[in-house]
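Working notes, structure below.
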Amino acid sequence: MPELPEVEVVRRGLAEWVEGRTIETVEIRHSRAVRAHLPGAKDFSARLLGRTIAKVNRRGKYMWLTLDDEQAVVVHLGMSGQALVQPLDAEPEKHLRIRFTFTDGQSSMHFVDQRTFGGMRVDELVETDHAEKVPVSVAHIARDPLDENFDPNLFVKKLRTKNTEVKRALLDQTLMSGVGNIYADEALWRAQIHGATDASTLKVAKAQELLRHATEVMTEALAQGGTSFDFLYVNVNGESGYFSRGLNAYGRENEPCPRCGNLIIREVFMNRSSFSCPKCQPRRKSTLTR
DNA sequence: CCTACCACCTGTAAGC
DNA sequence: TGCTTACAGGTGGTAG
């Protein structure tokens, strides 16, 4: 599951089901799922056996299971990862990559990932601003707009210094995290900005408005359990979210724009699809210097 | 330093 | 019915 709302849905589920539980067994069924753990799969398991999960945290699209003040298990879902809470006797899913059981003998945690772009690693925690600790591999990720210490003015400032297109900047997780292809298109539609607009040409007020829309659309999506087009995007109980019905542009090529009725178009940008309304979000001539 | 590109995978749907 | 091509909620490494 990918963007902030979907990851937060999973984080909440894990917080409910695994916080306070002690890991009894770790089964790695596909080494690629722990490829980011450089000391290897054996070391990964060894570091987890007998450890208790204190808390489940998130920044942007990254989650981590905090073990203590020094260490955490980073969980990244990539394009197709799922974290599921399953009964002990559940049939292994086709793409089950990692399985944890706990000493209470209750349910197990399954990390399922069709495309294996996601994975887990055990990481040291390092201190960031506001005396907060994050895993080393998450330290380069900016705070997301649902983070109480997120600084809107800092984001607006960074956005406006970028010599690139605004959609590319929205997807840059070092400016603000959590936004992916769906919510970038939805925020741009709400703000009536074409994604190819030079980020540096946005007025402060327009940049603030764009940020507000990004925050609002992700908050609304979270309240609906996230966006699911299929069973790849589900919560820890395997249930889909309902926000796909709240999308105004993403995936709606040739459908009328809910605001003006013109047909939504699809364009290829950064080797992926972008959806926009040609009337509400007119493309302007770029002055990007390259 | 900054920005742009694409490889990394598996599965599905559409086109011929 | 195949076979081929395009595409899918992300990102890290690297080339320029």
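Proteins come first, then strands; the chains are lettered A, B, ... in the order of their sequence lines, and each starts at number 1. Values reported hereafter were calculated over all heavy atoms of this structure, with side chains retained and with hydrogens, waters and symmetry mates removed.
The side chain of A/Met79 lies closest to C/dA8 when the candidates are B/dA4, B/dT10, C/dA8. Taking the side chain of A/Pro2 as heavy atoms from C-beta on, and the options C/dG12, C/dG10, B/dA4, the nearest nucleotide is C/dG10. The nucleotide whose nearest atom lies closest to any side-chain atom of A/Arg266 is, among C/dC7, B/dT3, B/dC9, C/dC7.
Stems are defined here as 3 or more consecutive Watson-Crick or G-U wobble pairs with pairing distances under 3.5 Å; those involving DNA chain C are B:2-8 with C:10-16, B:10-16 with C:2-8.
Comparing B/dT12 with C/dT11, their P atoms sit 24 Å apart, to the nearest whole Å. The same atom, C1', is picked in B/dT10 and in C/dG13; the two are 22 Å apart, to the nearest Å.
Each of A/His95 and A/Arg32 was assigned the nucleotide of DNA chain B with the nearest heavy atom; the assignment lying further toward the 5' end belongs to A/Arg32. The 5' end of DNA chain B is approached more closely, in terms of each residue's nearest nucleotide, by A/Thr161 than by the other of A/Thr161 and A/Asn271.
When rounded to the nearest whole Å, the span between CG of A/Leu232 and P of B/dT10 equals 14 Å.
With A/Cys257 as reference, A/Ile264 is the one residue of A/Leu263, A/Ile264, A/Asn248 to meet the side chain to side chain contact (heavy atoms under 4.5 Å, CB included) rule.
A/Arg35 comes within 4.0 angstrom of nothing in the nucleic acid, heavy atoms only. Here A/Tyr183 lies out of heavy-atom contact (under 4.0 Å) with every strand. Note on A/Tyr62: only backbone sugar-phosphate atoms sit closer than 4.0 angstrom, heavy atoms only; bases stay farther off.
Side-chain contact check for A/His110 versus A/Arg97: every heavy-atom pair is 4.5 Å or farther apart.
Judged purely by distance below 3.5 Å, without hydrogens or angles, the side chains of A/Tyr183 and A/Thr227 pair a donor atom with an acceptor atom.
For B/dC9, neither phosphate oxygen OP1 nor OP2 lies less than 4.0 angstrom from any side-chain nitrogen or oxygen of A/His30.
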